[in-house]
Each structure stands twice: as C-alpha cells, then as structure tokens.
Trainee: 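Take this structure first; my questions come after.
Since the structure is predicted, the reported quantities are computational estimates derived from the model, not experimental observations.
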Amino acid sequence: MLQDYIKIFMIDYISNLLNFFYKFSDKLEKNNIVKKINKSKISIDFSSKSKQGEVSSNFYLITKKLILDDNYKFKKILSEELKNLDYIDNHEISVSGFINIFFKKKYLAEHLQYLIEQDKNYGKSNFGNNQKLNIEFVSANPTGPITVAHLRGAVLGDVLASVFQQIGYSVTREYYVNDSGSQIQILTNSLFKRYSQLLGYKVELKENEYPGNYLIELAKKILNKYEDYWIKADQIKREDYFREYAISELIKYIQDDLILLNIKFDKFTYESEIVKKNIIEELFLILNNKKLLYEGILEKPKGEDIEEWESRKQLLFKSTEIFDDRDRAFKKANGEWTYFANDAAYHLEKFKRKYDKLINIWGSDHIGYIQRMRSIMMAVTNKNDYLDIITCQIVRLFKNNQILKMSKREGNFITLKSLFESVGKDPLRYFMISTRSETAMDFNMNKVLEKNNENPVFYCQYAYARASSVINKSKDLNINIKNFNQHINIYDYLCEDEINIILKLLSYPYILNQTAKFKEPHRLTNYLEDLSSSFHSFWNKGKDNESLRLIDPSNIKKTQSKLIWLNAFRIVFKNLFNIIGIESHEKM
RNA sequence: GUGCCCGUAGCUCAGUAGGAUAGAGCACCAGAUUCCUAAUCUGGGGGUCGUGAGUUCGAAUCUCGCCGGGCACGCCA
C-alpha cells in the first residue's frame with residue numbers, strides 16, 4: 001500500500017515530501033524511537049489557503065506524541081533532516097505544530113522545465129503498470145434512444161477511462177447490451193405492431209409497449225425492404241428478424257448519439273452471447289463448490305404490505321455470507337435463471353477475459369444491486385475490490401426555472417440528442433462531471449448557455465484563450481523561450497501570485513492521481529476553476545500595475561520568464577481539456 | 001420496516017486522506033475599461049456545516065442516535 005503511494009507521487013513536489021516523511025517514519029520505527037506511525041495520517045496541505053508556507057504538513061503534530069524517549073530531540077532532528085533536503089529552501093515548525101515549507105526556486109524551475117518538455121505527456125505515468133481495466137458504463141437497454149438519464153454516467157465513464165489511461169492503465173470502454181428478456185420481447189412486439197399499422201392493420205399499442213416515433217421509422221425501413229412479407233411469415237422467424245433488426249438499429253442510434261459527445265466504446269457485449277456461451281453453468285459450478293447456493297424460500301420483506309405474497313422455493317445465492325444483507329434469487333421458481341444470475345455470468349465472463357480490475361457505473365436506481373454483485377465477484381475472484389461500482393444520482397433539468405418532467409411511458413423523455421442540439425458538447429460534458437456523482441444535480445439549461453462567470457466552462461476556456469493571446473502577441477515581439485535552461489533564474493522576475501500559480505500547475509500529476517484513486521472527476525474541474533480564478537485575478541492586477549503585465553517589451557528576460565509559466569499553464573489546461581473532452585480555443 | 005446515498009451562505013456547489021480564521025460562483029451593495037481579450041477583476045454584507053452525543057491535542061470530515069430529502073426493497077429488466 002505504501003509502495004503505491006510512493007509510486008503515485010513520483011513526479012511532483014507533494015510526492016517528494018510525502019516520500020521523505022515516509023522514509024523518516026521508517027527510520028524512527030526502526031530505531032525504536034516510536035512504536036508505529038500511521039503513515040496514512042501524514043498529510044501535505046498544498047492549498048493556497050495556508051499562507052504560512054508554500055506547503056505545510058501535519059507530520060510533526062501527529063508524530064511528536066508517539067515519541068517514546070523523552071530525551072530524543074525530535075524537533076531538532078527533524079529540522080536538521082529537512083534542512084538537508086536539497087529541494088527545500090527553508091521551513092519552520094509553527095507553535096501549533098505545523099511544518100511550513102518553502103521550496104528552492106531552482107527545484108521548482110527544474111520541475112517547470114520538466115513540465116514544458118513533457119508537454120502533452122505531462123501528468124502521464126506508469127502507475128497502472130499497464131494493468132487491464134474494464135470500465136462498463138451506459139449499458140442502456142436498446143429499447144430507444146439515449147436519454148438524459150444515462151448522460152451523467154456516460155460522461156463520467158468516459159472521463160474516468162481517460163484518466164486511467166493517463167496514469168498507465170490499459171482501459172477498455174465497454175457497453176453491455178441487454179438483448180434478451182421480456183423488455184426486448186415487448187420491443188419486438190411494439191415494432192411489429194408499428195409495421196402492421198403501416199400496412200393498414202388496426203392494432204393498438206398496449207400501455208407497457210414502446211410508443212416512440214423511432215419505432216415507426218424502423219417499421220418503415222422494414223416495409224420498404226420487405227413490403228408485407230412478414231405479416232404472413234412464420235412467427236418465430238419473424239420475431240427473430242424483428243428483434244435482431246430492432247436491436248442492431250437501436251444500437252446504431254445509441255452509438256450515433258454518444259458520438260455527439262465524443263464517446264466511443266471499444267466493445268459491445270451482448271447478453272445473448274453470454275447466454276450462448278453458457279457461462280452461467282460455470283458460475284453455477286463455482287458458487288456450488290463454495291456452497292453458496294441453496295434451495296430456499298425468501299422471507300417476505302418486513303414493513304411494506306405486499307398483497308398476494310406467496311412463498312416459493314427457488315435457488316438462492318447466499319450473498320449474506322459475503323457483503324449483502326439478504327440472500328438473492330438465482331433461479332426463478334420456474335427454473336429459469338434470474339436477470340441477476342445472467343448479469344453475474346457476464347461479470348464472470350469479464351473476469352475470464354483477464355481484466356485486472358472492473359469498474360461499473362450504475363444509475364442510482366441500481367444501488368440495491370451493488371452488494372449482491374460485489375458478493376458474486378468476491379466469490380469468483382477472492383478479491384474484495386476486484387469490482388468497483390460507482391453510482392450516479394439523477395440529473396434534474398431546469399429550463400426557465402422549471403423542472404422538466406419526464407416520463408418514458410408517455411414518450412416525452414428528453415433525448416441526449418435534443419439536449420446536445422440546444423446546449424452543445426462542452427457544457428454537457430463539463431457539467432456532468434463537475435459535481436460528485438453521488439450528489440443529485442440540477443442542470444440549468446439557460447445558465448450553461450451564458451457566457452460569463454456563472455458558466456465555468458467558458459470561464460476556464462476564456463482563461464486559456466487569454467493565455468494563448470499573450471503567447472501569440474509575444475511572437476510579434478520575437479521573444480522566444482526555447483532555451484529554457486538559460487533562464488533557470490526566472491523566479492527573479494516573478495511575483496508571489498505567479499509562484500503560486502506555478503505551484504498549482506506542478507501539483508497537476510498529484511491531482512490526476514487523486515482523481516483516479518477516488519474516481520471523482522469533479523476534482524479536475526475544481527482544479528481548473530481554481531487555476532482559472534488565480535489566472536484571471538493576476539491578469540487584472542496588470543491593469544493597475546504595469547510592472548505585473550505579462551509582456552514588457554523593454555525587459556525581454558522578464559517577459560521570457562513569464563512566458564515560460566504561461567506556456568506551462570496552457571499545457572496543463574490543454575491536457576485537462578483533452579481528458580474532460582472539451583475544446584481549447586486560442587481565441588474566443 | 002430494512003439497506004444505500006445525500007443534508008455546508010437566499011440559490012447552485014467545493015472543502016484535496018482528521019488540521020491552522022469553513023471557501024467559490026450566482027443573487028444583493030459599492031468600485032475598476034486611454035493598458036496583453038471587462039466573457040474579466042477588486043471590495044462589502046451573508047454560516048448554530050440538519051440535530052444531539054461520543055472518539056482526540058483538533059471534527060463539516062470518523063462512530064452512534066434522531067430529523068429531513070432521494071433511490072431501492074420477493075422470481076421484472
């Protein structure tokens with residue numbers, strides 16, 4: 001575990017410091033000066049809030065009380081060690097016990113140089129060691145177009161996949177297509193009814209069937225090709241045809257819609273394939289060998305009155321033995337596999353494809369399913385973290401201060417496509433990941449179209465455009481920054497605001513790794529907004545104070561110094577924009 | 001009734017692994033444009049972090065109880 005930390009933090013100053021404290025802790029333990037230090041409690045605070053140092057740490061605070069020998073001069077020895085670090089300029093241990101640290105300017109300049117050399121690759125690492133990671137998301141049933149209900153998970157999955165790719169995982173973006181089961185049967189019937197209607201037959205859709213216009217379009221296509229052939233055809237052949245045609249066309253629709261947001265899947269796995277391969281028998285054997293299956297009767301849920309409750313004997317999965325609070329049906333009373341059993345088989349199949357780790361992104365309506373699926377994967381892999389499930393709460397759409405209500409049954413749901421047409425890709429992608437996925441989110445369709453402070457997408461893009469405009473302007477002045485090595489003393493020309501921006505830029509690899517670790521892409525947008533704010537603020541200082549402007553034609557060295565961090569700023573922004581999937585405009 | 005998630009400023013949300021005086025944006029008030037993009041910035045007011053206890057040097061953060069909201073709760077998918 002500790003090794004992981006060290007690996008993560010290899011390239012940034014936060015990592016270096018943590019690494020130092022970890023080693024120092026080891027030494028204290030080895031020499032019996034302390035018994036045991038809980039290294040996970042060591043923190044580096046790099047926020048701009050702590051004005052007392054460029055960064056600060058609680059290391060002294062949490063360690064001093066663990067010292068066994070009263071004669072051990074901990075504070076003095078720690079200070080000596082810190083002084084010996086070649087990247088620390090000075091430090092002090094405050095009265096309250098925090099260690100406040102300032103870095104050597106040369107050290108930061110070297111990191112800045114590294115950032116610029118790395119360019120597009122800055123932030124990338126091999127932390128993932130090329131492990132195979134499967135991220136399954138969207139997986140909407142192919143019974144209609146993609147709606148806003150799947151939007152959040154779609155962007156979340158796509159961005160997370162990009163983040164993991166950055167830090168060295170081999171990522172597969174996967175979509176699971178539920179193409180068997182009763183919903184699909186209903187879809188097939190609905191399509192045939194539409195087809196029949198086009199031929200003049202008087203059939204009505206039932207309440208649970210799919211009313212959307214898209215099925216009429218599909219029916220027309222069938223009609224054009226086959227005319228009335230299917231009316232008289234063999235029922236089984238006809239159903240096979242309608243089912244397969246509906247699914248393949250609807251999957252195409254779904255793919256086309258997702259491409260609008262630049263979301264592409266590497267693999268579509270069909271439930272029917274899993275069934276055909278009979279994976280479920282393998283799963284059955286595994287669970288049976290572990291004595292996790294039994295014939296039993298599920299208890300009636302307490303509290304809620306369920307009329308017509310009927311106890312039935314069926315095959316149950318002993319998920320209570322692992323993570324769940326209830327055993328779950330594995331076979332229906334009529335002997336068929338449950339949906340859950342088939343889904344579990346699909347997850348076994350992913351395991352058999354030799355992924356090192358699985359991530360699923362589910363809507364909040366599936367929260368109740370998490371523990372049984374985790375239980376299955378624990379039983380299969382013996383690893384409790386092999387499968388990680390992230391849930392998304394709903395997105396409520398607001399327009400003109402009113403909630404847009406949606407009902408799939410009435411067919412008035414809002415499709416991803418229509419939302420894309422009114423809002424555009426960048427705001428959709430940005431907003432979908434800018435809040436924690438577990439928090440229910442309000443999406444205000446009016447505000448995302450505004451081009452001002454209220455709209456963080458534009459706020460960040462504008463910062464990038466401003467930075468770019470300076471770079472372009474500098475080209476007119478023939479200022480080049482190619483020989484960065486000669487300007488290792490750039491800090492002589494920079495003020496505190498700029499140094500703080502540089503520190504933030506250099507924390508990017510750490511932010512990226514934390515984002516992956518917690519699987520929370522909103523950390524990226526927070527980081528972007530923080531940096532944008534610092535940048536705009538600094539920019540405006542140049543209005544009052546000419547010496548703070550980025551370009552000073554009378555002082556080339558100073559201007560070069562500023563252009564260097566400005567370049568770094570653009571590199572980090574561009575990399576982040578790419579990960580989030582929004583555009584970077586040189587001009588706006 | 002049970003499980004999971006959420007509750008931070010009037011509104012929308014952050015709070016980076018338990019750290020120093022809880023932060024942004026919007027809204028409200030007052031300012032900044034002969035100057036690299038004012039799609040921006042500066043200043044001001046506004047908080048019992050749902051609530052009560054506990055853990056400790058230290059809690060918005062961890063534990064437990066309560067209150068409020070969301071999702072789900074036999075064989076559907």
Trainee: At a heavy-atom distance below 4.0 Å, what parts of residues 315-323 of chain A sit against RNA chain B?
Mentor: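 Contacts with RNA chain B under 4.0 Å: none.
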Trainee: Is A:Lys504 positioned over the aromatic face of A:Tyr527, cation under 6.0 angstrom from the ring centre and no more than 45 degrees off axis?
Mentor: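 No cation-pi geometry.
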Trainee: Over how many whole Å does the gap from A:Asp327 atom CG to B:rG3 atom C1' extend?
Mentor: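 That distance rounds to 15 Å.
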Trainee: How would you label the contact of A:Gln185 with the nucleic acid (heavy atoms, under 4.0 Å): base, sugar-phosphate, or nothing?
Mentor: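 No contact.
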Trainee: Can you identify which nucleotide, out of B:rA14, B:rC35, B:rG3, has its nearest atom closest to the A:Lys543 side chain?
Mentor: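 Of B:rA14, B:rC35, B:rG3, B:rC35 is nearest to the side chain of A:Lys543.
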Trainee: Nearest whole Å is fine: how far is B:rC36 C1' from A:Trp565 CH2?
Mentor: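 So the CH2-C1' distance, A:Trp565 to B:rC36, works out to 12 Å.
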Trainee: Of the listed nucleotides (B:rA39, B:rA14, B:rC41), which one gets closest to any side-chain atom of A:Tyr462?
Mentor: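 The closest nucleotide is B:rA39.
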Trainee: NA contact type, A:Ser537, heavy-atom cut-off 4.0 Å: base, sugar-phosphate, or nothing?
Mentor: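 The answer is sugar-phosphate, as A:Ser537 gets under 4.0 Å only of primed atoms, P, OP1 or OP2.
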Trainee: Do A:His366 and A:Asn360 meet the criterion of a side-chain donor-acceptor pair at a distance under 3.5 Å?
Mentor: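 Their side chains do not contain a donor-acceptor pair, so the 3.5 Å distance test is not met.
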Trainee: With sequence neighbours excluded, what pairs up with A:Phe21 under the ring-ring contact (aromatic ring centres under 6.0 Å, His included) test?
Mentor: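 With sequence neighbours excluded, A:Phe21 shows a ring-ring contact (aromatic ring centres under 6.0 Å, His included) to A:Phe59, given in chain and number order.
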Trainee: Can you check the A:Phe569 CZ to B:rU37 P distance for me, whole Å?
Mentor: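 About 15 Å, once rounded to whole Å.
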Trainee: Check this for me: does the side-chain of A:Ser434 come within 3.5 Å of the base of B:rA14 through a donor and an acceptor?
Mentor: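 Looking at the base of B:rA14, it does not pair with any donor or acceptor on the side chain of A:Ser434 (distance under 3.5 Å).
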Trainee: Could you measure the distance from the CD1 atom of A:Ile42 to the CG atom of A:Leu17? Nearest 0.5 Å is fine.
Mentor: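 Going from the CD1 atom of A:Ile42 to the CG atom of A:Leu17 covers 11.0 Å.
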Trainee: Using atom P in both nucleotides, what's the gap between B:rA39 and B:rU34 to the nearest angstrom?
Mentor: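 Here B:rA39 and B:rU34 have their P atoms 14 Å from each other.
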Trainee: Rounding to an integer number of angstrom, what distance separates B:rC66 and B:rA30 when you compare their C1' atoms?
Mentor: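 These two C1' atoms come out 45 Å apart once rounded.
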Trainee: Find the runs of at least 3 consecutive base pairs, i with j, i+1 with j-1 and so on, that include RNA chain B, using Watson-Crick or G-U wobble geometry with both distances under 3.5 Å.
Mentor: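 Expected stems, ordered by start: B:1-7 with B:67-73, B:10-13 with B:23-26, B:28-32 with B:40-44, B:50-54 with B:62-66.
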Trainee: Applying salt bridge (charged side-chain N to carboxylate O under 4.0 Å, His left out) to A:Lys331 and A:Glu336, what does each step give before you reach the verdict?
Mentor: CA-CA 5 Å; A:Lys331 270 187 176 178; A:Glu336 290 174 20; over 6 Å; no
Trainee: Please write out each protein N/O paired with an N/O of nucleotides 54-60 of chain B under 3.5 Å, distance rounded to 0.1 Å.
Mentor:
residue : atom : partner : partner atom : Å
B:rC57  : N4   : A:Lys65 : NZ           : 3.0

Trainee: For A:His366, which contact category applies under a 4.0 Å heavy-atom criterion: base, sugar-phosphate, or nothing?
Mentor: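 Counting heavy atoms under 4.0 Å across all strands, the contact made by A:His366 includes a base.
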Trainee: Report which part of the nucleic acid A:Phe518 touches: base, sugar-phosphate, or nothing (heavy-atom distance under 4.0 Å, all strands).
Mentor: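 Here A:Phe518 touches the backbone only, sparing every base.
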Trainee: Select base, sugar-phosphate, or nothing to describe what A:Ile551 touches, counting heavy atoms under 4.0 Å on all strands.
Mentor: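 The answer is base, as A:Ile551 lies within the cut-off (heavy atoms under 4.0 Å) of a base atom.
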Trainee: The side chain of A:Ser56 lies closest to which of these nucleotides: B:rA14, B:rC36, B:rA20?
Mentor: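 The closest nucleotide is B:rA20.
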Trainee: Could you check how far CH2 of A:Trp539 sits from C1' of B:rU33, rounded to whole Å?
Mentor: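 Between C1' of B:rU33 and CH2 of A:Trp539: 13 Å.
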Trainee: Which nucleotide in the set B:rC35, B:rA38, B:rC76 lies at the smallest distance from any side-chain heavy atom of A:Arg549?
Mentor: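 Nucleotide nearest to A:Arg549's side chain: B:rC35.
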Trainee: Rounded to whole Å, how long is the line connecting atom NZ of A:Lys541 with atom P of B:rA38?
Mentor: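 So the NZ-P distance, A:Lys541 to B:rA38, works out to 17 Å.
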Trainee: So A:Ala463, base contact, sugar-phosphate only, or nothing? Heavy-atom distance under 4.0 Å.
Mentor: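 The residue A:Ala463 makes no contact with any strand.
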Trainee: So, OP1 or OP2 of B:rU37: does either fall under 4.0 Å of a side-chain N or O from A:His536?
Mentor: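 False: A:His536 side-chain N/O out of range (4.0 Å or more) of B:rU37 OP1/OP2.
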Trainee: Taking for each residue the nucleotide of RNA chain B with the nearest heavy atom, is it A:Glu586 or A:Ser532 whose nucleotide lies nearer the 5' end?
Mentor: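 Upstream on the strand: A:Glu586.
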Trainee: Considering only the C1' atoms, how many Å lie between B:rG18 and B:rG31, rounded to the nearest integer?
Mentor: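 Going atom to atom, C1' in each nucleotide, I get 41 Å.
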Trainee: For the pair made of CE in A:Met588 and P in B:rA39, what is the distance, rounded to whole Å?
Mentor: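 For the pair A:Met588 CE and B:rA39 P, the rounded distance is 10 Å.
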Trainee: Can a side chain N or O of A:Arg466 be found less than 4.0 Å away from OP1 or OP2 on B:rA39?
Mentor: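 The answer is no; no side-chain N or O of A:Arg466 sits under 4.0 Å from OP1 or OP2.
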Trainee: Residues in ring-ring contact (aromatic ring centres under 6.0 Å, His included) with A:Phe535, at least two apart?
Mentor: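 Result, ring-ring contact (aromatic ring centres under 6.0 Å, His included) vs A:Phe535: A:Trp539, A:Phe569.
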Trainee: Would you please determine if the base of B:rG19 is stacked by A:Phe98, with stacking meaning a centroid separation under 5.5 angstrom and planes under 30 degrees?
Mentor: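 Not stacked by the 5.5 Å and 30° rule.
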Trainee: Kindly write out the residues that satisfy side chain to side chain donor-acceptor pair (under 3.5 Å) with A:Glu546, not counting sequence neighbours, or none if the list is empty.
Mentor: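 With sequence neighbours excluded, A:Glu546 shows a side chain to side chain donor-acceptor pair (under 3.5 Å) to no residue whatsoever.
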Trainee: What residues form a side chain to side chain donor-acceptor pair (under 3.5 Å) with A:Asp442, not counting sequence neighbours?
Mentor: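 A:Asp442: side chain to side chain donor-acceptor pair (under 3.5 Å) contacts with A:Arg396.
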Trainee: Specify the residue among A:Glu546 and A:Glu438 whose closest nucleotide of RNA chain B lies further upstream toward the 5′ end.
Mentor: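 Going by which nucleotide is closer to the 5' end, it is A:Glu438.
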Trainee: Applying a 4.0 Å non-hydrogen cut-off, can you work out what A:Ser437 is touching in the nucleic acid: base, sugar-phosphate, or nothing?
Mentor: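 Nothing, no nucleic acid heavy atom in range.
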Trainee: Ignoring hydrogens and geometry beyond distance, is a side-chain donor-acceptor pair present between A:Asp552 and A:Thr559 at under 3.5 Å?
Mentor: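 No - no donor-acceptor pair under 3.5 Å links their side chains.
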Trainee: If I pick the C1' atom on B:rC71 and the same atom on B:rA38, what distance separates them, to the nearest angstrom?
Mentor: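 About 45 Å, rounded to a whole number of Å.
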Trainee: Please enumerate all residues that pass side chain to side chain donor-acceptor pair (under 3.5 Å) together with A:Asp426, with sequence neighbours excluded.
Mentor: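 A:Gln461.
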Trainee: Choose from B:rC76, B:rU16, B:rC36 the nucleotide whose nearest atom is closest to any side-chain atom of A:Ser182.
Mentor: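 Selected nucleotide: B:rC76.
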Trainee: Given A:Ser468, which partner from the list A:Arg570, A:Lys587, A:Lys574 fulfils the side-chain hydrogen bond (donor to acceptor under 3.5 Å, both in side chains) test?
Mentor: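 For A:Ser468, the side-chain hydrogen bond (donor to acceptor under 3.5 Å, both in side chains) check succeeds only for A:Arg570.
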Trainee: If only atom types and distance count, is the side chain of A:Asp530 paired as donor or acceptor with the main-chain N or O of A:Asn526 below 3.5 Å?
Mentor: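 Side chain of A:Asp530 to backbone of A:Asn526: no pair is present.
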Trainee: Which residues pass the ring-ring contact (aromatic ring centres under 6.0 Å, His included) test with A:Phe443, not counting sequence neighbours?
Mentor: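 Here the qualifying residues are A:Phe431.
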Trainee: I'd like to know if the side chain of A:Asn100 pairs up with that of A:Glu92 as donor and acceptor (distance under 3.5 Å, no hydrogens or angles considered).
Mentor: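 Yes, because at least one side-chain N or O of A:Asn100 sits under 3.5 Å from a partner of the opposite role on A:Glu92.
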Trainee: Please work out if A:Ser533 contacts a base, only the sugar-phosphate, or nothing of the nucleic acid, heavy-atom cut-off 4.0 Å.
Mentor: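 Touches nothing.
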Trainee: Which part of the nucleic acid, if any, lies within reach of A:Lys331 when heavy atoms closer than 4.0 Å are counted: base, sugar-phosphate only, or nothing?
Mentor: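 Contact class for A:Lys331: none.
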Trainee: As a test of reading the structure: which of B:rG74, B:rA72, B:rA14 is closest to the side chain of A:Thr435, going by heavy atoms?
Mentor: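 In terms of side-chain proximity for A:Thr435, the closest of B:rG74, B:rA72, B:rA14 is B:rA14.
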Trainee: So what does A:Asn58 hit on the nucleic acid, given a heavy-atom distance under 4.0 Å: a base, only sugar-phosphate, or nothing?
Mentor: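 Counting heavy atoms under 4.0 Å across all strands, the contact made by A:Asn58 includes a base.
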Trainee: At 4.0 Å (heavy atoms only), tell me whether A:Arg436 reaches a base, stays on the sugar-phosphate, or touches nothing.
Mentor: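 Sugar-phosphate only.
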Trainee: Name all residues meeting the ring-ring contact (aromatic ring centres under 6.0 Å, His included) criterion together with A:Phe74; count only those two or more places apart in sequence or in a different chain, and write none if there are none.
Mentor: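 Residues passing ring-ring contact (aromatic ring centres under 6.0 Å, His included) with A:Phe74: A:Tyr60.
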Trainee: Are the side chains of A:Lys562 and A:Leu494 in touch, meaning some heavy atoms are under 4.5 Å apart?
Mentor: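 The answer is yes, as the side chains (C-beta and beyond) meet within the 4.5 Å cut-off.
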Trainee: Quick one: list whatever passes side chain to side chain contact (heavy atoms under 4.5 Å, CB included) with A:Ala341, sequence neighbours left out.
Mentor: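 Counting only residues at least two positions away or on another chain, A:Ala341 forms a side chain to side chain contact (heavy atoms under 4.5 Å, CB included) with A:Ile280, A:Phe330, A:Trp337, A:Thr338.
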Trainee: Any protein N or O atoms within reach of nucleotides 62-70 of chain B? Criterion: under 3.5 Å, listing atom names and distances.
Mentor:
none

Trainee: Roughly, in whole Å, what's the span from NE2 in A:His522 to P in B:rA14?
Mentor: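 Going from NE2 in A:His522 over to P in B:rA14 covers 6 Å.
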